[in-house]
Amino acid sequence: MSFDAPIKAIGEKDLIAPKSTFKSITEAVARVTENPAPKGWWIAFLTAFSFTGVLLGSIGYLFWRGVGVWGNNSPVGWAWDITNFVWWVGIGHAGTLISAVLFLFRQKWRTSINRFAEAMTIFAVICALIFPGIHVGRVWHAYYLAPIPNQMGIWPNFKSPLLWDVFAVSTYFTVSSLFWFVGLIPDLATLRDRAKNSLRRMVYGFLSLGWRGSNRHWQNYERAYMILAALSTPLVLSVHSVVSFDFATSVEPGWHTTIFPPYFVAGAVFSGFAMVMTLLLIARSVFKLTDLVTMTHVELMNKIMLATGSLVGYAYAMEFFIAWYSGNEYERYVFINRATGPYAWAYWIMISCTVISPQLFWSKRLRTNIPLSFVVSIFINIGMWFERFVIIVTSLHRDFIPSSWGYFHPTLVDITTYLGSLGLFFTLFLLFLRWVPMIAIAELKSILPEADPHHGEHHDEAHEGDSHGEPALATTAEGH
Amino acid sequence: MSVETTTVSVPEGRPALLLAEYETPGACMKAAEKLRDAGFTKFDTHTPFPVHGMDAAMGMGDSKLGWIVLVMGITGLMTGIALITYTNGIDYPIIVGGKPAISIPAYVPVCFELTILLSAFGAVFGMFGLNQLPRHHHPVFESDRFKAATDDKFFVSVEYADPKFDADRTPELIASTHPNHIEIIEDTES
C-alpha cells in the first residue's frame, strides 16, 4: 500500500486528517494501550465480563443436565443454538472481507478499520464455534467432529455438509488468526520500542518476534500478506457457502434452495459491516480517533451496507418467487406461513430491520449522520439474527405432516447462553482495545503523502522553503 | 558537512554495524542506492513501513515465498484427497444417499479448505523462515535511537562483515548521504 493523492475531481477525499504525521499516528494509536483505561472502559469491561460468567454458568448447566435445558424439541431440533452460530459466523465475515478483498482491490480506506474488523472476526468466530460444540449433546463425544475413528472404527462421513462445516469454520478461524497476527507484528514492535517498563517491553518484545523493520523482511512480509489476502478471499466466500449447505443440501422445504450460498454470503458481509460500524463508532468517540477514522470511512461502510442489504432484500424476494414458480406446494406453504403464520412477527422484524432500514442510506445526508448510522447498524444486527431465526425455526416448525407441527419456545437457558456469548465477545473485544493497537499503525503510515520516497522532490526544485500543505500534494501527484 | 557520530559497544561475539538515521524515506532510499552502486551486499534498511521502490534501490531479487506456498498448497490438496479416500473409501466405506463410497464431488469442500489451510501455514511460517524470525537479539537493538525505526525515522545499517566495508571510507560514504546521525555499533572486546 503506497500513497496516491486523492483524485479531487471525482470527489475523493483525504483518508486521514491532513495534518497527520508518522509521529502523530504512532502517538494516537499507541497511547490507547499506554494510558490508564477510561472509566467507561472499566464499566463496559466488568459488565461484559459478568455476562461471560453467565455464559460459563449456562454451558455448565447444559453439560450437567443435557440439551433438554434448551427449548429445542421435535419438530424444531435446531433453534437458537444454530441461529446464534450462523449469526456469529456471519458477523465474522466483515473482517476478512475488509482485510483481504478490499486489500486486493486496493481500497486504501480499509487501513483505518481493518485491524479492528479482523479482531472482531476472530472473536465472533470464537463465539460461533461454541454453539455447534455444545449442541452435540454428549460433549464427551465432541471428538467425532475430527477425523478420528470412533470405538466402532467408523470415520466421520465426508459426504456430510456438517463435517464440511467443521473444516470450513476451523480453517477460517486459523487463517484469520494468522492473518491478524502477521498484520500485528510491526505494530507490536512499535509498542515494544515505546515501552516504559520492562514487563511491557518483554511481552511486546516476545510477541513482535524481534521485528526490526528490515526491508529484506518487509519484502517477504508484504508477499506473505498479499498471499494471505489472496487465500482468504475465496476462503471467506466458501465459509458461509458451506454453512448454507447445512441447510441447502437437506430436503426441508424452505431450506432446499440453490440461492442459499450467495444469499448467505451477502447476508454475512452485511451483518459483519453492521457490527464493525457499531463497535467502530463507539471506539472512535471513546478513544478520540476521529482524525484516523473519518466520515469518509463511515460513509463508505454505509454504502456497502446499502449494497449488501439490497442484495439480501433481492434474495428474499427471489425465494418467494421461486417458491411460487416451483409449483411445490410444501415450498409455497412454508413461505406463505413465514409471512402470515405464527412467526409472522419474526418475519416482519427481519424485513423492516434488514431490508427497509438500510434504504435510508440512499440519502447522503442520512448516511453521513453518525447517530443514525449507529442506530441503523444496531437494527441490522437485530434483523440479521431474526433472518437466521426465521430460516431455521419457521422452516422446521411446520413441514410435511401437519400432525407433527409445533411452536418453539426458548427457555431461560437459551436466553442466558445467547446473552453470555455477547458478553464473551465484548470481553475479548475490550481487552483487544486496551492491549493491542486497534488501528494498523504501519499500514496507515504508508498511505500518508510523506511515505512516498519521491515526496516533495519536484516541489523543492520549484519553490525552496515551505514544505507542507496542498501544493506539495498536487505537484507530487502530477509528477507521476 | 560533518555528521554527529556516536559509538555503542556490544557484548563480545556479535557482528558490528554502522547505523545511519534518516529523516525521510527518500533520503534513506538514496543512501541504499549509493551502497548498492558501490557494490555492498550486507546492508539493510529499517523503516516503520514498507517503502515503495526500496527493493530495487537495494538491488534485491524477488521473494521466494510464493514457491513455498505452492508446495504447501499442493500438499494440503493431496492430504485432503488421501484422507477422504482412505477413511471413507478404503478403511470403512460408508454408503450415504446411494452415492459411491468414493464420491469426487463431495471431496471439494474439505480438499479446498485443507489447501487453503496449508497454504496459509506456508505463507506465514515460510515468511518467518525466510526472514529468520523470531530473532530477539540483533546488534541494531543495542542502539537507543533505533527505537524510532518503528515510529518515524528511517535507518540504514551496514555490516562490518561486508567485503566492501572499509573502516574509514564507508562512514564517509554514509556521511555524504545526509543522515541525521551515524552510530558505530562495534565489538570493543576484540
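Within every chain, numbering begins at 1; the chains are lettered A, B, ... in the order of the sequence lines, protein sequences first and strands thereafter.
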- Message: So which residue, Arg216(A), Lys23(A), Glu27(A), Arg223(A), ends up with the most heavy-atom pairs under 4.5 Å with chain B?
- Response: Arg216(A)
- Message: Let's test your reading of the structure: which of Pro147(A), Ser214(A), Ala442(A), Pro186(A) forms the most heavy-atom pairs below 4.5 Å with chain B?
- Response: Ser214(A)
Is it the backbone or the side chain of [X] that comes under 4.5 Å from a heavy atom of chain B, or both, or neither?
{"X": "Thr174(A)", "result": "side chain"}
{"X": "Leu191(A)", "result": "neither"}
{"X": "Trp155(A)", "result": "both"}
{"X": "Phe181(A)", "result": "side chain"}
{"X": "Met152(A)", "result": "backbone"}
{"X": "Leu231(A)", "result": "both"}

Please identify, among [options], the residue contributing the most non-hydrogen atom pairs under 4.5 Å to chain A.
{"options": "Asn131(B), Asp152(B), Leu65(B)", "answer": "Asn131(B)"}
{"options": "Val140(B), Asp91(B), Leu133(B), Asn88(B)", "answer": "Asn88(B)"}
{"options": "Gly97(B), Gly53(B), Ala106(B), Ala148(B)", "answer": "Ala106(B)"}

- Picking from His138(B), Lys42(B), His46(B), Glu183(B), what satisfies side chain to side chain donor-acceptor pair (under 3.5 Å) with Ser157(B)? His46(B)
- Item | Test: Arg145(B) and Glu21(B) ion pair at under 4.0 Å | yes
- Query: Would you call Arg115(A) and Asp187(A) a salt bridge, taking side-chain N to carboxylate O under 4.0 Å as the test?
  - Reply: yes
Under 3.5 Å, sequence neighbours excluded: what are the donor-acceptor pairs made by side chains of residues 108-130 of chain B?
| unit_1 | atom_1 | unit_2 | atom_2 | d |
| --- | --- | --- | --- | --- |
| Glu113(B) | OE2 | Ser238(A) | OG | 2.9 |
| Thr115(B) | OG1 | Cys111(B) | O | 2.6 |
| Ser119(B) | OG | Thr115(B) | O | 2.6 |

Under 3.5 Å, which donor-acceptor pairs do the side chains of residues 156-168 of chain A form with other protein atoms, sequence neighbours left out?
| unit_1 | atom_1 | unit_2 | atom_2 | d |
| --- | --- | --- | --- | --- |
| Asn157(A) | OD1 | Lys159(A) | N | 2.9 |
| Lys159(A) | NZ | Ile94(B) | O | 3.2 |
| Lys159(A) | NZ | Ala101(B) | O | 3.3 |
| Ser160(A) | OG | Leu162(A) | N | 3.1 |
| Trp164(A) | NE1 | Phe158(A) | O | 2.9 |

[X], part contacting chain A, at a heavy-atom distance under 4.5 Å:
{"X": "Phe155(B)", "result": "neither"}
{"X": "Tyr22(B)", "result": "neither"}
{"X": "Thr45(B)", "result": "both"}

- Item | chain B contact residues among residues 242-250 of chain A, heavy-atom distance under 4.5 Å | Val242(A)
- Item | Exceeds 12 heavy-atom contacts within 6.0 angstrom, atom CZ of Phe206(A) | no
- Task: Answer yes or no: does atom CD of Gln132(B) have more than 12 heavy-atom neighbours from other residues, nucleotides or ligands under 6.0 Å?
- Result: no
Please check if any side-chain donor atom of [X] sits under 3.5 Å from a side-chain acceptor atom of [Y], or the reverse.
{"X": "Asn220(A)", "Y": "Ser63(B)", "result": "yes"}
{"X": "Tyr172(A)", "Y": "Thr121(A)", "result": "no"}
{"X": "Asn215(A)", "Y": "Asp44(B)", "result": "no"}

- Query: So do Leu173(B) and Phe40(B) actually touch side chain to side chain, heavy atoms under 4.5 Å?
  - Reply: yes
- Message: Taking side-chain contact (heavy atoms from CB on, under 4.5 Å) as the definition, give me every residue that meets it alongside Ala57(B), ordered by chain and number, with sequence neighbours left out.
- Response: Met29(B), Ala32(B), Glu33(B), Met54(B)
- Task: List the atom of Leu18(B), the atom of Thr170(B), and the distance in Å for their closest heavy-atom pair.
- Result: CD2-CG2, 4.0 Å
